[in-house]
Amino acid sequence: MIRTLPLMNAREWWLLRKDAATNSGKTPTLPSVSGYTLDTTGVGTDWQAAGFRKASQQSHSLSISSGSDKTRLGISFNYFKQDGVLQNTDFKRISARVNIDHNYSKNLRLSASITGSNTKANVAPAAIVGALILTPPALPVYQDNGTFVKNSPFETVYANPINSLLNQINQTSTNRFLGNFSAEYTFSKGLKGKVLVGADVVDNKQNRYLPIATYEGSSLNGDALVGSIFTTNWLNENTLSYDKQFGSKHALNAVVGFTAQQSKTRGAVAEAAGFTSDALTFNNLGTGITNRTPGSSAIDWSLASYLGRINYAYDERYLFTATFRADGSSKFGDGNKWGYFPSAALGWNVSNEKFFSEVRHVSSLKLRLSAGSTGNQNIPPYQSLAQLTYYPYNFSGSTVSGYAPSTVANKNLSWEKTFQVDAGLDVGLLNERIHLTADYYYKKTTDLLLTRTVPGTSGLSDVYNGQGSTTYQNVGAVSNQGIELNINSRNITGPFKWTTILIYAKNTNKILSLGDGVDQYIPSSSAPSIAKVGHPLGSFIVYQTDGLIQKDTKPLTPQANNKPGGQQYKDLNGDGLITQAGDRIVIDNQIKFTAGLTNTFSYKGFDLSVFFQASVGGKLYNVNRANLELATGYTNASKVLLDRWTPTHTNTDVKAAYQDPAITISDRFIEDATYYRLKNASFGYTVPKAVLTRVGLQALRLYVSAQNPVTWTKYTGFDPEVSSSGQSLINRGVDDGAYPNSKTYLAGLSITF
């Protein structure tokens, strides 16, 4: 783990619980338990220490190359296994690859690349990180008889996270085959045709079992699920290229082609519950007495493209490129399936001009200018069509099948388009000792593919929860502009070498439009995210804290605790109330810049590489912190609450304990996510060839490395470089119990013979 969170021990938590009850006008109590004792005087259970661990990682690879004048062969094998920093989680991959190139004749070249892999993973239970930090420390892991405590007996019920980690089964297994076969034929000098056929076949299986001995599975007497997803994706590319020199100064390269791609996915899931024993887990669903509704699915999509590109160079000084793509996707509405995306680029090799020989200290200079558009079709299939959803209905005591509309047709659904302009230069200084690449870009994305909520009054609602359905639409526009710099310098040459690579990037993001008459879009009133015109994606809408309530002030708070010590908020519209509509502010979430710095040193076989990474100016809404500072005594809490307000301790910004379990989304939990990190450091030694030839080896290198060993940040969560799967662009920047990042130390050996 990069770090763990500072949480209360059992004694500290019990004092917090007593304070919260007393401040709420209640008598502090503990729930009645049997088979174990709650600890309120000692350290109790450190759930993080019990759930997280130091884990091992190993990787082994073997590659073999051979061939003749006509045939070249490469074979590689790889084995990778990584145990997770959470107990009973891991990932394993076995893969092999074969590459073959064969000159069948003078004009015909055949190539094949085949990769096969098998991956297996034990996946952590959902929301397990939140359970580890919120389960009260007074609760033990085991009962007096040595069996697991099943669940927390407190007001906010959590399963015993260690029992869940060690005994839940959630296994995924994936077999993947990736093959590409191509034939390239030379018709005449400079004119070639190439046909490529590729296939990507993925067979994924999931096995899950919630044992009777766990809280999650106890009410069901065990629950087993077996699922599979089988995907075939084929690709065909047909291109014709022409490469020609005209005289000594003109060079032309042209490519035209047609490509087609299709994906088919088939899924099935079966589930059963009510087992007499955990012995068979998911291996015999038929022994479960409670049947679950099985499911299956079929999803297809296809893509066809026409493409062309022309490259022209005059005297290696003036460069011109023009490209054009026409892409047709089955995902869009009739009449809108095709998108057209042109681009062009100009280059000037200034250093090849005669006058440049008079320039001192600048060894090379190239200027670049490009503009073009691209398209995005990354949405689920069938979103342009009206869809029906199955619902069971009850008539006269009998269940019958029925269907109801769930989405509206949108025949206008089409490509999301991005137009980009880029201006750049490449400069070599001091005989290429220093090389600089600099770019300025502006990107405008229009017709954004976003989901919009359809009101429940439309009739297109989920009958189970009464929520309106959603539909994809092309709405709004977003701009991105920024600069990117890359400096590569050879600081010292000779026996001792020192090189430096500096990368700097600054991007400014802004929402330009959200559609006609729409100024903002808030996905959920219980979440901090907002999309608002004039602000960047990933911004937050929150209440603004205004210190704590004091005896001589009017309480301004939406929280239940409006007594002294409660959290107070700013009344922005001056109506004397705190409301969502009138008293929330928008806080931009914009990263100022990112940077990377790599220094590499080498001397007589020894090499050292040190890579630093920085991200400055971004923000994160810390959901874990919001939960840990509730101060209800229902769950564990942050040690920050040791500094909470009490009648004898009023000089603090930490609110008093109170039994109000509702989180108020405020700026208190928006934190600076700036970080500086030693991302990677490696030290190696390459044995001299003179020594190796005596034992028949070509190369031998030993190395040690460290990944993420040190991080400098003010962020109080697990890691500022957080990434939660499934996050959209709108709600990025929300840290909600993501799998924690880790730091890794490696030792390795590489042999060539």
Around [X], counting heavy atoms of other residues, nucleotides and ligands shown, do more than 12 lie under 6.0 Å from its [atom1]?
X	atom1	answer
K81	NZ	yes
Y603	OH	no
L692	CG	yes

So R368 and D439, salt bridge (Lys or Arg N to Asp or Glu O under 4.0 Å) or not? Walk me through it. CA-CA 9 Å; R368 295 176 281 104; D439 283 272; 2.9 Å; yes

Residue pair [X] / [Y]: nearest heavy atoms and the distance that separates them:
X	Y	value
N233	S263	ND2-CB, 4.0 Å
G617	T674	N-OG1, 2.8 Å
T598	S609	CG2-OG, 3.9 Å

On the 0 to 90° scale, with breaks at 30° and 60°, tag the F669-Y621 ring pair as parallel, tilted or perpendicular. perpendicular

Give the ring-plane orientation class for F52 versus F718, where under 30° counts as parallel, over 60° as perpendicular and anything between as tilted.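 Correct class here is perpendicular.
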
Pair F593 + Y504: ring centers closer than 6.0 Å: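 Ring-ring flag for F593/Y504: true, centres closer than 6.0 Å.
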
Does the side chain of [Y] come within less than 4.5 Å of [X]'s, by heavy atoms?
X	Y	value
S364	E432	yes
R625	S638	no
Q206	I229	no

E671 and T716 side chains, donor-acceptor separation under 3.5 Å: yes

Counterpart residues, side-chain hydrogen bond (donor to acceptor under 3.5 Å, both in side chains), relative to Q171 (two or more places apart):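 With sequence neighbours excluded, Q171 shows a side-chain hydrogen bond (donor to acceptor under 3.5 Å, both in side chains) to no residue whatsoever.
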
Would you mind telling me which of N708, D719, V85 makes a side-chain contact (heavy atoms from CB on, under 4.5 Å) with S742? V85

R97 and S113: CA distance, side-chain angles, deciding distance, side-chain hydrogen bond (donor to acceptor under 3.5 Å, both in side chains) verdict: CA-CA 7 Å; R97 181 168 183 165; S113 176; 3.3 Å; yes

Between R317 and E353, is there a side-chain N and carboxylate O pair less than 4.0 Å apart? yes

